[in-house]
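Below is one structure, written out as structure tokens; comments come after it.
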Amino acid sequence: MHWIAPSEKDTATATLEKRLWDAADQFRANSGLKAQEYSGPILGLIFLRFAELRFTTQRTKLELAGASSRRGSRVDDPAAYHAESILYLPAESRFDYLLHRPEAEDIGAKVNAAMRDIEKHNPQLAGVLPKTYNLFTSTLLKELLKKVSEIPASVDYDAFGRIYEYFLGEFARTEGQKGGEFYTPGCIVRLLTEVIEPYHGRILDPACGSGGMFVSSARFVAEHQKNPAAELSIHGVEKTDETGRLCRLNLAVHGLEGDIRHGGNVNSYYDDPHAATGQFDFVLANPPFNVNAVDKERLKDSVGPGRRFPFGLPRTDNANYLWIQLFYSALNARGRAGFVMANSASDARSSEQEIRQQLVEARAVDVMVAVGPNMFYTVTLPCTLWFLDRGKARTPRADSVLFIDARHIYRQVDRAHREWTPAQIGFIANLVRLYRGEAIDLTLGGDEAGEKIREIFGTKPQYADVPGLCKVANLEAIAVQGWSLNPGRYVGVAPGEAVSDEDFKAQLETLNEELEILNAQARELEDVIARNVAEILET
């Protein structure tokens with residue numbers, strides 16, 4: 001199925017996000033700083049602007065309540081703000097106070113002091129806020145404060161989150177490969193969230209980056225008229241300390257708190273800071289692909305039923321199936337997981353095939369979605385979205401897996417990047433709901449998604465296999481395919497369609513990725529053999 005949404009005209013140049021970004025990029029040019037040096041301070045000021053708007057709203061409520069209360073005013077009681085998931089801001093830490101400092105003052109020192117004071121009064125932010133504003137001249141910092149102050153006080157909660165996420169995405173784009181370590185495009189995250197439906201419970205991301213999975217889950221809850229702070233218990237692991245702090249800041253921007261373990265050499269392969277096995281309702285993740293040189297000796301005690309690696313360790317030096325097992329084992333008996341994975345993992349042979357077979361036979365694999373190229377800022381390769389459901393074994397679909405080919409569903413953003421529109425995300429998510437026997441939910445995508453569902457699946461929509469789009473395969477059919485979970489092997493091509501040049505290119509890129517992995521493994525094996533031969537000859 002082909003659904004290429006029209007590209008939006010460049011009206012975005014007049015939007016607030018674009019104007020703010022252009023200003024921030026200008027400051028970068030004037031300051032001579034690298035992206036990783038100026039991104040933190042700028043995000044910190046956007047955060048402070050947002051925090052002050054929420055603080056001011058709560059302060060006004062407390063002033064009105066204090067005027068009619070015998071207990072007196074609580075406007076300066078941090079607990080009165082924390083109770084509403086709002087940060088308390090001391091007088092000299094507020095955005096307006098800093099905005100009106102004269103250039104003659106050392107504004108960088110003032111902002112650094114403000115950030116330290118905010119952490120002091122809000123322990124959940126300890127060690128999180130940027131304190132490198134001394135890198136900016138007072139003139140430059142004054143201009144930056146003025147530009148951020150253009151964000152109007154009337155901007156709602158979700159709009160502020162979008163501004164923040166827009167900046168995260170732009171920083172990821174400008175930082176290239178490094179940016180990809182902390183940011184997953186919003187449309188990918190949104191589809192993961194829509195499919196696993198995290199209404200309520202404990203949620204884990206063992207490679208959490210800047211926390212986009214948590215923010216998307218919170219948005220899902222809020223759009224379904226519930227309070228995310230009350231419904232979700234957030235847990236994350238992030239190897240890089242700087243990125244872990246960014247995650248905690250991102251949560252705070254959205255009025256959320258979470259138990260984020262980061263830095264200090266914490267590593268999800270070897271460490272289990274949340275005692276995750278069997279404990280989570282939801283897992284969401286975009287782990288690094290095809291990692292090698294994992295020390296498997298350190299993992300041996302975590303192998304076996306009921307442990308972190310229940311299906312065994314892969315013999316190949318590739319961590320994809322370590323991640324997949326970590327996601328599976330963290331789920332409770334009814335838990336769901338959604339994660340991004342390299343295409344090569346769907347067809348990997350040898351010990352990885354053995355692990356994949358066990359995963360399928362455990363009735364845990366629910367949905368597989370093929371994603372086309374150019375959806376990420378840092379890599380052009382296509383990928384696959386995996387969805388696990390530990391509760392599926394007790395449903396009528398226990399012995400089946402839904403395969404979706406979404407490679408030809410997208411909107412072209414620019415020559416090098418694609419995305420999904422809300423309607424396209426809503427369509428794919430509701431296709432999954434039809435397969436599961438759930439009610440259609442058009443909260444995301446609205447009428448456009450609903451019309452597409454009715455066009456493909458009838459006026460009273462019911463799931464049916466659609467060549468070129470979706471196919472439900474049973475375990476016998478998957479076994480015949482060598483336990484492959486590659487949607488392309490099952491979905492086929494719609495009548496009248498031929499395999500396009502782009503399809504061939506995607507297949508070639510995937511095969512080339514596999515070849516590079518095999519070549520790397522062959523070189524390592526050659527080194528081992530050469531060393532062993534040398535040792536024998538020396539004796």
>> Walk me through whether Y88 and H82 qualify under ring-ring contact (aromatic ring centres under 6.0 Å, His included).
In response: CA-CA 7 Å; Y88 176 75; H82 296 161; 7.3 Å; no
> Could you go step by step and tell me if N290 and N320 meet the side chain to side chain donor-acceptor pair (under 3.5 Å) rule?
Replying inline: CA-CA 6 Å; N290 301 323; N320 289 341; 2.7 Å; yes
> So N374 and Y410, side chain to side chain donor-acceptor pair (under 3.5 Å) or not? Walk me through it.
Replying inline: CA-CA 10 Å; N374 299 320; Y410 61 86; over 6 Å; no
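For L442, the side-chain contact (heavy atoms from CB on, under 4.5 Å) partners at least two apart in sequence or on another chain are N430, I440, A449. Under the salt bridge (charged side-chain N to carboxylate O under 4.0 Å, His left out) criterion, D465 pairs with K471, sequence neighbours left out. Every salt bridge (charged side-chain N to carboxylate O under 4.0 Å, His left out) that R489 has, sequence neighbours left out, goes to D347. Residues passing the salt bridge (charged side-chain N to carboxylate O under 4.0 Å, His left out) test with D399, sequence neighbours excluded: R363. Residues meeting the salt bridge (charged side-chain N to carboxylate O under 4.0 Å, His left out) test with K452, sequence neighbours left out: E455.
Using a 4.5 Å heavy-atom threshold, the side chains of L385 and I404 count as separate. Side-chain contact between T384 and V371: absent, with no pair of heavy atoms (C-beta onward) separated by less than 4.5 Å.
Seen from the ring of F282, R202 does not count as a face-on cation partner, given the 6.0 Å and 45° thresholds.
Within the structure, the side chain to side chain donor-acceptor pair (under 3.5 Å) test picks out the following pairs touching residues 325-342 (sequence neighbours left out): E197-R336, D281-N332, R336-D389, R336-E438.
Ion pairing between a basic and an acidic side chain is recognised when a charged N comes within 4.0 Å of a carboxylate O; R94 and E52 show no such pairing.
Between R248 and H262, the side chains place a donor N or O and an acceptor N or O closer than 3.5 Å (distance only, hydrogens not considered).
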